[in-house]
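Side chains included, hydrogens not; waters and symmetry mates left out as well; all remaining heavy atoms used.
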There are 2 protein chains.
Amino acid sequence: MAAFTSRDVARLAGVSQSTVSYVMSGRRPISADTRKRVQAAIDQLTYQPNAGARALASQRTQVVGLVVPFGTAGDTTALLPFIETIAGCARAEDHDVLLVTDNEGTAALTRLAGRSLCDAIVLMNIAAADARLPVAAASRVPVILIGIPDDPQGLPCVDLDYPEAARLSVAEVVAAGHDRVVVLGWSAEEIARGANYVGRFERAAVEAAAAAGVEHLAVSPVEVSREGARAAVAEALRIGGPRPALLVPASSAVPWVVQALTERGVLPGRDVTVVGLCTDAVAMTTVPPVTNVSTEPRDVSARAMQILFRHLERGREGPAGGVELVAPRLTRRETTLAAP
Amino acid sequence: MAAFTSRDVARLAGVSQSTVSYVMSGRRPISADTRKRVQAAIDQLTYQPNAGARALASQRTQVVGLVVPFGTAGDTTALLPFIETIAGCARAEDHDVLLVTDNEGTAALTRLAGRSLCDAIVLMNIAAADARLPVAAASRVPVILIGIPDDPQGLPCVDLDYPEAARLSVAEVVAAGHDRVVVLGWSAEEIARGANYVGRFERAAVEAAAAAGVEHLAVSPVEVSREGARAAVAEALRIGGPRPALLVPASSAVPWVVQALTERGVLPGRDVTVVGLCTDAVAMTTVPPVTNVSTEPRDVSARAMQILFRHLERGREGPAGGVELVAPRLTRRETTLAAP
DNA sequence: GTGGCCCGTCGATACGCTTCGACGGCTGCT
DNA sequence: AGCAGCCGTCGAAGCGTATCGACGGGCCAC
């Protein structure tokens, strides 16, 4: 119970303490016989190395810092799959996850790096001009961004390919035979926070619509609430023409919009096409299930962790930066009108 | 950049390294003059103590391990407020949170404790007969449970007062003039997992109904899905009599039940009373907003952390165990029928 | 004037591990 | 037979902090 040390293991196995270390790390050849004896001693004592001592000696903590946006609005329900996936990937590489809320802003970063609490940092919820970026770029530990700022400052980024998501959405609308599309925007708060994907999506939507020869209209901002959705839907139907098509890129607004339409007796899939940008899980819970472009939080996080560990293994070398886009996927469900 | 040590600070301030340590910890009196010089040096170098070294020397990590249920079903949307609150409370006491998924089961516990990764552990999603409990009880670090097992084995527990929640719900139904109440149960999966609150709620509901002289009926299990809710609602309306009252203790089923009722043209608040056991946030998103007994995840977590830190401060002494119940609160919204 | 005491500081040590250099013995080559 | 070289192991030196005992210098009390 009193926590055995590698010295105890060494004594029991009749070897030196350094040999125990080499058995565990495999960094030097050890004879089969010795290895067996040491392993037996380890098992017998249920020895586990002390993380602090190991970190001190090796300069590696086997911990990944994860800075998550709690206070802010940005679709907090979509957060769990990110966290879960990141934790899973970390464990797969024998790392743990230190969870930090970003209420502290920049201080969290300096603390994580300054105290050597972790070997790497995952930063979520990146704003276009994120105040944490300069700090992150100057950080002693590698940082990876989930989300894309205006200037990544050499930091690696991973995010959904929002332009592609816009293109897929528009293509779906076009395939359904619409000649105009109404994009319901994000909430004022999310726009104010300056997430980059807002602009990335919108520009691509405009371009895709122009390329396909369909008219592009916008309703923005759209507050994420019943009332916000009602207002946005009213406006969208007003300008949407006789056979409206609605694009809802704000994940958390999707259920509200579907509900607001239904309330009005305008049934998605019968009277109006709705394409949402949200997880498949969310898409399947609306009534009726909404045609969606998936935001793939699991893919995005897994990709980020993969890049992170590749970077950790390679050490300081190798090209750090780079923007990695994860391809979205459109699933037609019950809210796409049949082409006329 | 190269990470300063307390020795660097000492040199710059013209004192010994131990003095720097005492300035930071305040464990010995330091003259105002010295303190000022040391503090200036700390600021100038932006010195931060190395977490590993500190942990090694002091036997304290300033980290709280949090074992969260990811794989399991148990209402994963309700998870975030827990995590967020726990992280916030930890930071308030200058601790960080190490997030561990409980896929690893018992191994996660032994790792956290065995490697001295944290000073204390928060265990969520406790089953009635939880396999992790013996390990937790024998653990070198204090453990607190969120949820109540059949036998806490001396471990402190915090949870919502489910019996009280049942009483509040029944009282609401009684106040609305119903003479029978239908309890829609949990999902088969949740029951199988053996969460204790299922039984605690149900027993109290039966007792409260008996005490109030209203008839108690049950529909169980209720799968958390559109179809599950439809089936449960059909059954509930069949047995519920002319003026039905529905209790929905499974948080995540509440929106589905409300929706299933609405689909059938049985409007909550007009044709039927619905009382849900869920967070206020969820209650406010249904249409119409559902009368609810709040599950108060923030209160529960905050209480747990408070107990944890009190325990940490007191050291090994003090009565460890004890079951702490957090009082739920009923909020009447729009799904309570007016008394006849 | 002197003894005792407390305040403030220092030096040394321990925490448990990783890692480097060293070294003995054995193999294989000449 | 002798030597080079490699394999497997050991000892020791840190890693950066907390903490304990020691100690010098004031201060107060007698």
Review point. What integer distance in Å separates R7(B):CZ from dC15(D):P?
Key: 8 Å
Practice item. Would you indicate, yes or no, if dT19(C) has its OP1 or OP2 atom less than 4.0 angstrom from a side-chain nitrogen or oxygen of R27(A)? Key: yes
**Study point:** From L99(B), L98(B), V122(B), L123(B), residue fulfilling side-chain contact (heavy atoms from CB on, under 4.5 Å) relative to V67(B)
**Key:** L123(B)
Review point. So does Q17(B) reach the base of dA18(D) with its side chain, donor to acceptor, closer than 3.5 Å?
Key: yes
Check your understanding: Short question: side chain of D8(A), backbone of T5(A) - any donor-acceptor pair under 3.5 Å?
Key -> yes
Check your understanding: Rounded to the nearest Å, what distance is computed from the CD atom of residue Q62(A) to the C1' atom of nucleotide dG16(C)?
Key -> 16 Å
**Study point:** Among dC10(D), dG16(D), dT18(C), the one nearest N50(B) by side-chain distance
**Key:** dG16(D)
Exercise for review: Can you tell me the distance, in whole Å, between the CG atom of D33(B) and the P atom of dC7(C)?
Suggested key: 18 Å
Exercise for review: Choose from dG8(D), dC10(C), dG21(C) the nucleotide whose nearest atom is closest to any side-chain atom of R28(A).
Suggested key: dG21(C)
Review point. Between dG8(C), dG16(C), dT17(D), which nucleotide gets closest to the side-chain atoms of P49(B)?
Key: dT17(D)
Review point. Taking CG from L56(B) and P from dG16(C), how many angstroms apart are they, rounded to a whole number?
Key: 7 Å
Review point. Any side-chain N or O of R60(A) under 4.0 Å from OP1/OP2 of dT19(C)?
Key: yes
Practice item. Let me know the distance between CZ of F4(B) and C1' of dT17(D), rounded to the nearest Å. Key: 17 Å
Practice item. Tell me whether the OP1 or OP2 atom of dC10(D) has a side-chain N or O from T19(A) closer than 4.0 Å. Key: yes
**Study point:** S18(B) vs dC10(C): side-chain N/O to OP1/OP2 distance below 4.0 Å
**Key:** no
Check your understanding: Would you say the side-chain atoms of T85(A) pair up with the backbone N or O of P81(A), donor to acceptor, closer than 3.5 Å?
Key -> yes
Exercise for review: Side chain of A57(A) only, please: which of dG8(D), dT19(D), dC17(C) is the nearest?
Suggested key: dC17(C)
Study note, to complete from the structure: DNA chain D nearest-nucleotide lookup for V20(B) and S31(A): closer to the 5′ end is S31(A)
Exercise for review: Begin from the C-alpha positions of T19(B) and S16(B) and carry the test side chain to side chain donor-acceptor pair (under 3.5 Å) through to its verdict.
Suggested key: CA-CA 5 Å; T19(B) 299; S16(B) 78; 3.2 Å; yes
Study note, to complete from the structure: Separation of dT19(C) atom P from M24(A) atom CE, nearest Å, is 13 Å
Review point. With a 3.5 Å cut-off and just heavy-atom distances, do the side chain of Y22(B) and the base of dC20(D) make a donor-acceptor pair?
Key: yes
Check your understanding: How many angstroms lie between OG in S58(A) and CG in D119(A), if you round to the nearest 0.5 Å?
Key -> 8.0 Å
Point to revise | Which nucleotide in dC15(D), dT17(D), dG8(C) has an atom nearest any side-chain atom of Y47(B) | key: dT17(D)
Check your understanding: Should S16(B) be listed as having a side-chain N or O under 4.0 Å from OP1 or OP2 of dC10(C)?
Key -> yes
Check your understanding: So does S21(B) get a side-chain nitrogen or oxygen closer than 4.0 Å to the phosphate oxygens (OP1/OP2) of dA18(D)?
Key -> yes
**Study point:** Q59(B) vs T34(B), nearer the 5' end of DNA chain C by closest nucleotide
**Key:** T34(B)
Review point. Taking 4.0 angstrom as the limit, do K36(A) and D33(A) come out as a salt bridge?
Key: no
Study note, to complete from the structure: note: K36(B), atom NZ; dG8(C), atom C1'; distance rounded to Å ~ 16 Å
Exercise for review: Write down the distance between CG (D8(A)) and P (dC15(C)), rounded to a whole number of angstrom.
Suggested key: 11 Å
